[in-house]
Amino acid sequence: QVHVVESGGGLVQAGGSLRLSCAASGSIFRVDAMGWYRKAPGKQRELVALISSSSNTNYADSVKGRFTISRDNAKNTVYLQMNSLKPEDTAVYYCMANIATTRYSADSYWGQGTQVTVSS
């Protein structure tokens with residue numbers, strides 16, 4: 001069994017910063033790509049940032065230059081440093097991890113979500 005747990009959301013004023021963390025645990029053989037998605041009310045879920053096992057990164061245009069994704073492979077943990085936050089960043093942020101539980105089997109696992117609210 002695999003667990004993916006986020007932490008670090010909250011309420012912040014525009015221009016402020018937050019750091020999200022996400023740890024994967026359980027019966028893990030290998031962790032491949034990890035990433036962050038978000039869903040705002042009335043909008044579809046969108047990719048925020050993705051990081052490969054070799055730390056190649058990909059960002060949504062809307063967060064480039066403001067958000068930084070990183071990971072600690074020894075801890076199976078991914079981070080999202082969010083700076084210069086804007087009210088339009090308000091959403092529930094979900095962690096996703098592509099995890100292999102055996103050499104031949106991999107799936108995407110999702111966290112429960114953490115609320116980020118940016119006040120103007």
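All residue numbers in this chain count up from 1 along the given sequence.
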For this session: Dump the intermediate steps for side chain to side chain donor-acceptor pair (under 3.5 Å) on S108 and N98, then the final yes or no.
Result: CA-CA 4 Å; S108 294; N98 287 330; 2.5 Å; yes

Exercise. Residues in side chain to side chain donor-acceptor pair (under 3.5 Å) with K43, at least two apart?
Worked result: none

Exercise. Looking at OG1 of T68 and CZ of R19, how far apart are the two atoms once the value is rounded to the nearest 0.5 Å?
Worked result: 10.5 Å

Exercise. Rounded to the nearest 0.5 Å, what separation is found between the OG atom of S53 and the CE atom of M34?
Worked result: 11.0 Å

Exercise. Who else is in the cluster with V5 when I, L, V, M, F, W and Y are joined by side-chain contacts under 4.5 Å?
Worked result: none

Exercise. Going by atom types alone, do Y37 and R45 pair a side-chain donor with an acceptor below 3.5 Å?
Worked result: no

Exercise. Would R71 count as a cation-pi partner of W36, with NZ or CZ less than 6.0 Å from the six-membered ring centre and within 45° of the ring normal?
Worked result: no

Exercise. Taking everything shown except K39 itself, do over 12 heavy atoms lie less than 6.0 Å from its NZ?
Worked result: yes

Seminar exercise, completed: Only one of M82, R66, Q81 passes side-chain contact (heavy atoms from CB on, under 4.5 Å) with S17, and that residue is Q81

Exercise. So which heavy atom on S120 is nearest to which on A14, and how close?
Worked result: CA-CB, 4.4 Å

Exercise. Would you say the side chain of V116 lies within less than 4.5 Å of the side chain of T90, judging by non-hydrogen atoms?
Worked result: no

Problem set entry | Residues that Y79 engages under ring pair (Phe, Tyr, Trp, His ring centres under 6.0 Å), provided they are two or more places apart | none

Exercise. W110 vs Y94 aromatic rings, parallel, tilted or perpendicular, using cut-offs 30° and 60°?
Worked result: perpendicular

Exercise. In terms of hydrophobic clustering (I, L, V, M, F, W, Y; side-chain heavy atoms under 4.5 Å; direct or indirect links), are V31 and V4 co-clustered?
Worked result: yes

